[in-house]
Amino acid sequence: MADYNPSVIEKKWQQYWEQNQVFNAKVNPNKPKFYSLDMFPYPSGAGLHVGHPLGYIASDIVTRYKRLQGFNVLHPMGYDSFGLPAEQYAIQTGQHPAITTEENITRYTEQLKNIGFAFDWEKEVRTSNQDYYKWTQWIFMQLFNSYYDKEENKAKSISSLIERFQTTGNLGLNAVCDEDTIDFTAEDWENFSDEEKQKTLLKYRLTYLAETTVNWCAALGTVLSNDEVKDGFSERGGHPVERKKMMQWSMRITAYADRLLEGLEKVDWNEPIKEMQRNWIGKSKGAEMVFQVKGHDKQIKVFTTRIDTIYGVTYLALAPEHDFVADLITKDQEKIANEYIATAKNRSERDRMSDVKTISGAFTGSYAINPFNGEEIQIWIADYVLAGYGTGAVMAVPAHDERDFNFAKHFDLEIRQVIEGSMENGSFPGKGGTIINSDFLSNLPMQQAMDKAIAFLEEHKIGKGKIQYRMRDAIFTRQRYWGEPLPVYFNDGLPYLINEQDLPLVLPEVDKYLPTEDGEPPLARASNWTYTTASGTYPLEKSTMPGWAGSSWYFFRYMDPKNSEEFVSSEKAAYWGAVDLYIGGAEHATGHLLYSRFWTKFLFDIGTVPIEEPFQKMINQGMIQGRSNFVYRIKGSNKFVSHGLKDQYDTSAMHVDVNIVHNDQLNLEKFTAWRPDLVDATFILEDGKYICGSEVEKMSKSKYNVVNPDDIIERYGADTLRLYEMFLGPLEQFKPWNTNGIDGVSKFLKKLWKLYHDNQGNVAVSNDKASPEELKTLHKTIKKTKEDLDNYSFNTSVASFMICVNELSALKCNKREILEPLAVIISPYAPHVAEELWSLLGHENSIVEAAFPVFNESYLVESSHEYPVSVNGKMRTKLSLSLSLSKEEIEKAALEDETVQKWLEGKAPKKMIVVPGKIVNIVI
RNA sequence: GCCGGGAUGGUGGAAUUGGUAGACACGCAAGACUUAAAAUCUUGUGGCUUCACGGCCGUGCGGGUUCGAUUCCCGCUCCUGGUACCA
């Protein structure tokens with residue numbers, strides 16, 4: 001009855017899906033489950049641009065496909081709604097962040113619904129809702145009440161640790177704790193004051209309060225985690241970040257370092273992301289040992305991965321911040337050493353990072369003794385040694401370490417080779433070489449020398465083998481308003497948890513969202529930010545949780561978002577299990593993806609969830625970049641010259657809104673109306689058109705290259721947007737958004753529509769038997785689509801649909817036997833038009849209840865093959881031959897061919913390669 | 001510096017175990033329909049060469065393996081993501 005009209009049918013089906021709760025997921029043990037997760041969006045004020053839905057479209061296609069295959073699918077969406085931008089906006093405008101957040105969420109939801117996603121909106125969660133963050137706080141409490149037992153390799157309850165302290169103290173206890181924990185007996189424990197007991201327990205708790213060196217961002221007024229800092233600047237906003245010592249809550253993620261590393265073996269993620277996590281965890285095996293300082297009672301502890309090179313040590317280097325530095329400086333070195341420390345300390349973290357070439361250091365005047373050979377070696381201060389890694393001191397082996405080598409060269413220190421090889425090109429690591437000049441280690445290969453050296457250390461009680469991690473414990477507090485309050489109060493400066501019945505601890509109202517005049521976090525502005533127990537009223541913690549708190553467990557809450565008794569019921573957690581497919585950007589590789597794995601492992605340890613790894617399969621979508629358009633203004637005029645002619649004039653390029661450019665052709669009317677100063681603009685055209693230049697840049701407002709999906713949907717429809725985003729190229733690849741090809745996709749949908757209609761626009765579908773060609777086209781497409789979906793190759797599927805529709809159009813096919821399954825296989829990609837066609841075919845139910853058609857090989861069987869015949873590897877002619885021919889028969893047929901005869905020039909071929917069903921190659 | 005990813009027509013991209021390079025689409029050109037435009041449809045379209053048949057070149061560059069290489073191996077160039085004195 002009508003032409004293809006996406007705006008009408010898309011609204012219609014979106015309403016149908018919503019009203020009939022089509023995508024509502026319920027536990028159903030009779031069906032296999034499939035849990036598909038999209039990365040948790042932060043609802044920003046700018047709304048969605050076309051880059052955001054890329055991954056959502058891909059996962060939506062997969063879930064719709066899985067449904068057609070009989071899976072029970074959970075495909076939820078929600079919002080990571082605590083965060084900095086809403087708070088910054090609140091500071092500027094006084095508007096409560098909850099209001100802005102609500103508005104942004106409304107807009108996001110509307111935009112997402114316009115694209116026709118099969119989300120189960122019943123499962124929506126928002127991290128800033130009380131009934132959500134109640135459980136974020138609850139998980140924090142469990143972490144506070146747990147410690148990590150290395151013996152059993154899992155988290156256990158603090159109450160069991162107390163029992164242990166009461167019987168044997170911490171002697172022989174193998175648990176993760178602070179470095180400075182001292183040994184104590186059961187008797188000591190009994191004699192501890194309550195305060196001492198609490199302080200001791202804090203050294204074991206999986207979340208603890210401690211003085212830590214943090215990344216302090218003054219402009220944002222808060223601390224940041226390592227992954228929120230890029231090159232010394234905050235990731236959000238680009239403000240400078242400095243190192244500062246502060247009392248902060250931390251999460252003992254390092255306790256899980258090994259399990260986080262091992263778990264990577266069990267998940268199906270791409271290798272680069274796994275590698276990034278491995279590097280971030282940074283496990284290195286080595287040894288820790290002490291050097292006695294000559295004439296001192298002090299011992300300097302160093303960590304090394306190359307204890308085999310111990311005889312090559314020619315000096316020790318200490319970080320300028322090392323605790324011993326002041327004591328080791330002798331009178332005659334005082335001036336020079338202290339000056340150096342002062343300059344090194346004043347150099348900001350950023351300078352130190354950006355300037356790694358400059359070699360600097362100072363001799364302390366003191367000497368240490370190498371316990372292996374009794375040699376005295378100089379102790380230096382050097383800022384290439386980091387205070388935060390290992391022990392803050394290194395044993396320098398200039399011959400086999402590049403940094404030590406450069407330092408030794410610069411200060412003219414001894415370089416002593418202890419591994420066989422040539423020193424011509426400076427230092428070399430010499431892995432695999434034989435040890436020389438090393439007393440009892442000489443003539444051994446690296447590994448054996450290490451083992452022997454470690455045995456020596458242990459025998460003389462001066463060291464041991466040790467595993468070091470680069471990863472630090474994760475700071476868990478932010479001095480901000482818009483985040484989860486910590487369920488903690490203070491009594492005599494020591495932290496205690498509030499009662500579980502008092503959860504959630506609701507975020508209080510404040511007059512302003514800024515820190516107080518004394519630099520306290522915004523929560524200090526709240527009146528009565530206190531907690532009352534039977535024994536009195538106490539102040540509550542004033543910092544809030546970081547952004548990653550709420551996002552580290554949201555995938556569990558989606559299973560059971562309204563549960564008020566538990567964060568997820570064990571029945572639902574058991575049924576839905578791990579996420580089967582997680583699609584999102586790679587930017588979360590070392591933040592969210594590591595923290596989520598950590599919390600999941602912890603929740604597993606305490607028996608609340610049945611899985612250890614939350615995300616079984618992960619795909620990282622490539623970012624969609626912006627594609628900017630430019631116009632060229634002749635300098636000093638209001639005249640613009642088309643791209644092809646711009647070199648004939650003296651011009652300056654100007655960004656132009658990509659939304660008034662189509663296929664790089666500028667819409668002149670819209671351009672002159674774009675800005676007041678352009679009303680009287682004039683143009684120099686080429687072939688009657690103004691062609692714009694283009695460049696790939698980040699998508700941003702200032703570059704006028706932001707494309708809103710709503711605009712595309714209004715012009716072409718959501719199905720076109722969905723297909724086009726997929727058609728753009730492989731999901732994982734980075735690519736610029738470019739609407740130049742979108743017409744092709746839109747045309748394809750119109751052609752598809754026409755297959756089901758006659759020239760008058762009436763539905764015209766025949767019940768006649770389909771022809772072999774028609775069946776072949778259909779089944780070829782079924783096969784290809786299925787393979788592509790299984791490989792997440794969405795762009796090639798779209799191409800195969802186009803081929804299919806082109807072929808069926810050429811065949812003038814209108815058979816139900818073909819068109820019905822065709823609608824089904826296209827439905828994951830273009831669900832609205834598929835639903836409409838399905839209903840036009842007379843179906844009462846939704847197409848999501850259909851079954852994915854079964855591929856039938858027999859329709860594709862060919863009796864003959866068009867053989868490409870090559871001469872010396874170059875294709876010269878084609879020969880259509882029956883597939884039943886033997887190799888010899890094919891060979892004979894090929895040699896008889898006219899073109900082949902011509903190339904042979906009467907000679908006999910040297911060799912013939914015949915691959916039946918594939919090719920023929922003749923070597924002359 | 002180190003660890004990843006990539007480079008194919010004017011453009012986005014395809015070629016799933018080495019077997020017809022350029023599928024599909026955009027753009028462009030010509031034509032049909034139209035008073036005209038839009039829309040739609042048809043045909044052509046890697047480069048060079050040829051009236052044509054055809055030939056030569058061609059997947060970032062230089063080598064190699066192979067009957068045959070976009071695909072495998074070695075050595076480079078450029079772009080891009082991560083990471084950065086981690087001992």
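None of the values given here were measured: they were computed from a predicted structure. The analysis underlying the following values was restricted to heavy atoms, covering all of them including side chains, and did not include hydrogens, waters or symmetry mates. Every chain is numbered from 1 and lettered A, B, ... according to where its sequence line falls, protein lines coming before strand lines.
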Query raised in the report: Is A:Asn921 near enough to B:U66 that one of its side-chain N or O atoms lies under 4.0 angstrom from OP1 or OP2?
Result: no

Query - side-chain N/O A:Ser284 vs B:A87 OP1/OP2, d < 4.0 Å - result: yes

Query raised in the report: Under 4.0 angstrom, heavy atoms only, what part of the nucleic acid is A:Phe727 near: base, sugar-phosphate, or nothing?
Result: base

Requested in this report: Using a 4.0 Å heavy-atom cut-off across all strands, classify A:Lys784 as base, sugar-phosphate, or nothing.
Outcome: base

Query - RNA chain B stem ranges, 3 or more consecutive Watson-Crick or G-U pairs under 3.5 angstrom - result: B:1-7 with B:77-83, B:10-12 with B:24-26, B:27-32 with B:40-45, B:46-49 with B:54-57, B:60-64 with B:72-76

Query raised in the report: Base, sugar-phosphate alone, or nothing: which one does A:Trp903 contact when heavy atoms must sit under 4.0 Å apart?
Result: sugar-phosphate

Report summary line: Judged by nearest nucleotide, the residue sitting upstream toward the 5' end of RNA chain B, A:Arg470 or A:Lys735, is A:Lys735

Query raised in the report: When the ring planes of A:Tyr829 and A:Phe801 are compared, do they come out parallel, tilted or perpendicular, using 30° and 60° as the limits?
Result: perpendicular

Query raised in the report: CD of A:Gln665 versus P of B:C26: gap in Å, rounded?
Result: 17 Å

Query - Short side-chain N/O contact from A:Asn795 to OP1 or OP2 of B:C24, under 4.0 Å - result: no

Query raised in the report: Below 3.5 Å, does any donor atom in the side chain of A:Asn740 face an acceptor in the base of B:C26, or the other way round?
Result: no

Query raised in the report: Mind checking whether A:Tyr716 and A:Tyr724 have ring centres under 6.0 Å apart?
Result: no

Report task. Assign A:Glu787 to base, sugar-phosphate, or nothing according to its heavy-atom contacts below 4.0 angstrom with the strands shown. Result -> base

**Report entry** Touch class at under 4.0 angstrom, heavy-atom based, for A:Ser793 against every strand present
**Finding:** nothing

Report task. Just call it for A:Arg876: base, sugar-phosphate, or nothing, with non-hydrogen atoms closer than 4.0 Å on any strand. Result -> sugar-phosphate

Requested in this report: Using the closest heavy atom to pick a nucleotide of RNA chain B for each, name whichever of A:Met875 or A:Gly741 lands nearer the 5' end.
Outcome: A:Met875

Query raised in the report: How would you label the contact of A:Thr305 with the nucleic acid (heavy atoms, under 4.0 Å): base, sugar-phosphate, or nothing?
Result: sugar-phosphate

Query raised in the report: Reckon A:Asn279 touches a base, only the sugar-phosphate, or nothing at all at heavy-atom distances under 4.0 Å?
Result: nothing

Query raised in the report: Taking it one step at a time, do A:Glu888 and A:Val914 satisfy side chain to side chain contact (heavy atoms under 4.5 Å, CB included)?
Result: CA-CA 9 Å; A:Glu888 290 69 28; A:Val914 176; over 6 Å; no

Report summary line: Here the distance between atom P of B:G4 and atom CD of A:Glu732, to the nearest Å, is 17 Å

Query - A:Glu807/A:Lys780 ion pair, N-O < 4.0 Å - result: yes

Query raised in the report: Any ion pair linking A:Glu275 and A:Arg278 (charged N to carboxylate O, less than 4.0 Å)?
Result: yes

